[in-house]
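I'd like to ask you about the structure that follows.
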Amino acid sequence: MKYNFNEIIPRRGSNSYKWDAAAENDILPMWVADMDFRTAPAVIEALHARVAHGIFGYTKVPPTYFDAITGWFDKRHNFRIEKEWILFTTGVVPALSAVIKALTQPGDKVIVQTPVYNCFFSSIRNDQCEMVANELIYKNGSYTIDLDDLEKKAADPQAKILLLCSPHNPAGRVWTYEELKQIGEICLRNDVIVVSDEIHCDLVYPGHTHIPFASISEDFLQNSVTCTAPSKTFNLAGVQVANIIAADEDIRRRIDKALNINEVCEINAFAVEALIAAYTQGEEWLGELKQYLYGNYQYLVEFFRKYLPHLPILPLEATYLVWVDCSALKESSKEIAENLLQKEKLWINEGTLYGAAGEHFIRINIATPRENLMKGLEKIRNLYGT
């Protein structure tokens, strides 16, 4: 490989949320979703050049920023975005909060497909809406959508939004064209707007294709909002940049107003340069990153097959977050996470963080050099191996 993803880069002491949140220095963190790899060299070079300028005043977002976004999604996802559809903000979570604020009234209902990204819950709660769970069906080691239940929940006149996690975190699913089509048709029939969080769209593995929800049809485009960011793809969460894509002019106007009310309508100078460099020069790096991540996943699968066969690994179609079925342990997700942290100094996520449907599961972040991954897996084996 041209890029060295095996390099151990010390992060403790760098104000890393992932590495510095633990009080003890001997904790191995494999929890929060950022990567232990340097970003693409082109991004680093662009940021160096911006720092060298030495003046960091208020930032105007240039046309090249929008060109980078439209070019990336057209080329990689066959999603043709008009520049005027794009609103920028500081992250996908602020984006979701602004969208919910724009499209609901307090007391309205927002549907989520649990187990799902935990910040969905706080965004709904903070906007004084009610969360309604369309729980995914877990069968034969994978998840599918309960379409009958979704139809029932969407038929409630108070249901205004479906928050779609695509690709899905933590289940690792890449929704198929047919699945997305069925979701979209249900939401159209019931006047429910689809808000699609597609932050993991570039981290999809062989045999699967990410389909932007809004790209399926004109009706879906007009009845949806898409939230994207380069943060997961290029490890740029701390740079704080995301984009909201809304083709419907009225929806976009309302979201723009909410972004301004929430005071998250500006991005910083480094965010602009990082996104442009990532989307215009980062493709080669991303290709090798995905190879490495999938190699980590294959290593983990083989390790569990040998030493932890009673704990099924769900197929990883996208993301770098592995979802593990720990039902055989007869312990709660919280107990498993606490035991691994206290006894083995390994920090992973308990499944119930993603809703009650996550009970008896854990989530492991494998976006780390293979050496770290091996250490983490040995810690799980020490505690729960047969």
Exercise. Is it true that the side chains of Asn243 and Tyr65 contain a donor and an acceptor less than 3.5 Å apart?
Worked result: yes
Exercise. With under 30° as parallel and over 60° as perpendicular, where do the rings of Tyr297 and Tyr294 fit, or are they tilted in between?
Worked result: tilted
Problem set entry | Check: Val322 and Arg363 side chains under 4.5 Å, non-hydrogen atoms | no
Problem set entry | Side-chain donor/acceptor of Glu344 to backbone N/O of Asn339, under 3.5 Å | no
Exercise. Under the side chain to side chain contact (heavy atoms under 4.5 Å, CB included) criterion, do Asn190 and Glu151 qualify, and how do the steps go?
Worked result: CA-CA 8 Å; Asn190 293 284; Glu151 184 85 59; 3.1 Å; yes
For this session: Taking all non-hydrogen atoms of both residues into account, name the closest pair between Leu340 and Lys379 and its distance.
Result: CD2-O, 4.2 Å
For this session: May I ask you to decide if the ring planes of Phe270 and Phe56 are parallel, tilted or perpendicular, using 30° and 60° as cut-offs?
Result: tilted
For this session: Kindly say whether Thr368 contributes a backbone atom to a donor-acceptor pair with the side chain of Asn296 at under 3.5 angstrom?
Result: yes
Exercise. More than 12 foreign heavy atoms under 6.0 Å from CG of Asn140: is that the case here?
Worked result: no
Exercise. Donor-acceptor pair, Asn6 side chain versus Pro369 backbone, under 3.5 Å?
Worked result: no
For this session: Verify the ring-centre separation between Phe361 and Tyr354: is it less than 6.0 angstrom?
Result: no
Exercise. Is the backbone of Gln158 close enough, under 3.5 Å, to the side chain of Asp156 for a donor and an acceptor to pair up by distance?
Worked result: yes
For this session: Answer yes if Ile81 and Leu275 sit in the same cluster of Ile, Leu, Val, Met, Phe, Trp and Tyr residues linked by side chain heavy atoms under 4.5 Å apart, and no otherwise.
Result: yes
Problem set entry | Heavy-atom pair of closest approach, residues Ala95 and Thr89 | CB-CG2, 3.8 Å
Exercise. Under 4.5 Å between any side-chain heavy atoms of Leu316 and Ile366, yes or no?
Worked result: yes
Problem set entry | Any donor-acceptor N or O pair under 3.5 Å, side chains Ser327, Asp325 | yes
For this session: Please determine, by modelled atom types, if Asp202 and His77 share a side-chain donor-acceptor pair under 3.5 angstrom.
Result: yes
For this session: State, without any angle test, whether Glu302 and Gln298 hold a side-chain donor-acceptor pair at a distance under 3.5 Å.
Result: no
For this session: Mind checking the CD1-CG spacing from Ile336 to Leu329? Nearest 0.5 Å is all I need.
Result: 4.5 Å
Exercise. Side chains of Asn78 and Arg80: do they bring a donor and an acceptor to under 3.5 Å?
Worked result: yes
For this session: May I ask you to list the residues sharing a hydrophobic cluster with Val32, side-chain cutoff 4.5 Å, ordered by chain and number?
Result: Tyr17, Ile27, Trp31, Leu341, Trp347
Problem set entry | Euclidean distance, Asp26 CG relative to Lys345 NZ, rounded to 0.5 Å | 5.0 Å
Problem set entry | pair Leu373-Phe303: side-chain heavy atoms closer than 4.5 Å | no
Problem set entry | Nearest-0.5 Å distance that lies between atom CD1 in Ile276 and atom CD in Gln281 | 10.0 Å
Exercise. Hey, are Tyr3 and Glu284 close enough side-chain-wise for a donor-acceptor pair under 3.5 Å?
Worked result: yes
Exercise. Does a salt bridge link Lys181 with Glu178, judged by any charged N lying under 4.0 Å from a carboxylate O?
Worked result: no
Exercise. Has Arg370 got its NZ or CZ under 6.0 Å from the middle of the six-membered ring of Tyr292, at an angle within 45 degrees of the ring axis?
Worked result: yes
Exercise. Can you find a heavy atom in the side chain of Ile211 that is under 4.5 Å from one in the side chain of Trp175?
Worked result: no
Seminar exercise, completed: Closest non-hydrogen atoms of Trp323 and Gly351, given as atom of the first, atom of the second and distance, are CH2-CA, 3.6 Å
For this session: Output yes when a side-chain donor or acceptor of Lys334 lies under 3.5 Å from a complementary backbone atom of Glu350, and no otherwise.
Result: no
For this session: Determine yes or no for a side-chain-to-main-chain donor-acceptor pair under 3.5 angstrom, with Lys343 supplying the side chain and Leu383 the backbone.
Result: no
Exercise. According to a 4.5 Å side-chain heavy-atom criterion applied to Ile, Leu, Val, Met, Phe, Trp and Tyr, with indirect links allowed, do Ile255 and Phe88 form part of one hydrophobic cluster?
Worked result: no
Exercise. Would you say the side-chain atoms of Arg125 pair up with the backbone N or O of Phe120, donor to acceptor, closer than 3.5 Å?
Worked result: no
For this session: Determine whether Tyr117 and His200 make a side-chain contact, defined as any pair of heavy atoms from C-beta on separated by less than 4.5 Å.
Result: no
For this session: Answer with yes or no whether the hydrophobic clustering places Leu188 together with Ile251; edges join I, L, V, M, F, W, Y residues whose side-chain heavy atoms lie under 4.5 Å apart.
Result: no
For this session: Heavy atoms only: give me the nearest Gln240-Ala271 pair and the separation to one decimal.
Result: O-CB, 3.8 Å
Problem set entry | Contact check, side chains of Leu377 and Tyr299, non-hydrogen atoms, under 4.5 Å | yes
Exercise. Given Tyr307 and Ile380, is the side chain to side chain contact (heavy atoms under 4.5 Å, CB included) satisfied, shown in steps?
Worked result: CA-CA 10 Å; Tyr307 305 115; Ile380 300 173; over 6 Å; no
Problem set entry | Identified side chain to side chain contact (heavy atoms under 4.5 Å, CB included) counterpart of Ile244 within the set Leu96, Val225, Ile86, Thr228 | Val225
For this session: Enter the distance from Thr90:OG1 to Glu266:CD here, rounded to the nearest 0.5 Å.
Result: 10.5 Å
Problem set entry | Inter-residue atom distance Leu203.CG - Tyr320.OH, 0.5 Å rounding | 7.0 Å
Exercise. Do Phe73 and Phe213 share a hydrophobic cluster (ILVMFWY, side-chain heavy atoms under 4.5 Å, transitive)?
Worked result: no
For this session: Can you see which heavy atom on Ala214 is nearest to which on Leu221, and at what distance?
Result: O-CB, 3.4 Å
Problem set entry | Carboxylate-amine/guanidinium proximity below 4.0 Å for Arg252 and Glu249 | no
Problem set entry | Given Leu164, Leu163, Ile161, Leu150, the one that forms side chain to side chain contact (heavy atoms under 4.5 Å, CB included) with Ile111 | Leu150
Problem set entry | CE-OG1 distance between Met35 and Thr233, expressed to the nearest 0.5 angstrom | 7.5 Å
For this session: Answer yes or no: does atom CD of Glu84 have more than 12 heavy-atom neighbours from other residues, nucleotides or ligands under 6.0 Å?
Result: yes
For this session: Say whether, by atom type as modelled, one donor and one acceptor occur between the side chain of Asn268 and the main chain of Val239 under 3.5 angstrom.
Result: yes
Exercise. Can you tell if the side chain of Arg173 reaches within under 4.5 Å of the side chain of Ser142, non-hydrogen atoms only?
Worked result: yes
Problem set entry | Sidechain-backbone polar pair: Asn235 side chain, Phe37 backbone, donor-acceptor under 3.5 Å | yes
Exercise. Does the pair Asp250/Arg253 count as a salt bridge with the N-to-O cut at 4.0 Å?
Worked result: yes
For this session: Work out which heavy atom in Thr319 is nearest to a heavy atom in His168; give both atom names and the distance.
Result: CG2-O, 4.0 Å
For this session: May I ask you to check whether Trp285 and Phe234 place their ring centres under 6.0 Å from each other?
Result: yes
Problem set entry | Side chains of Asp146 and Gln113, donor plus acceptor under 3.5 Å | no
For this session: Side-chain contact test, heavy atoms from C-beta onward, threshold under 4.5 Å: evaluate it for Ile145 versus Leu136 and give yes or no.
Result: yes
Exercise. Is it the case that one hydrophobic cluster holds both Leu103 and Val194, taking links as side-chain heavy atoms less than 4.5 Å apart, direct or via other members?
Worked result: no
Exercise. Does a side chain donor of either Ser123 or Ser97 reach within less than 3.5 Å of an acceptor in the other side chain?
Worked result: yes
Exercise. Salt-bridged, Lys83 to Asp67, with N to O below 4.0 Å?
Worked result: yes
Exercise. Can you tell me if Glu198 uses its side chain to pair, donor with acceptor, with the backbone of Thr226 under 3.5 Å?
Worked result: no
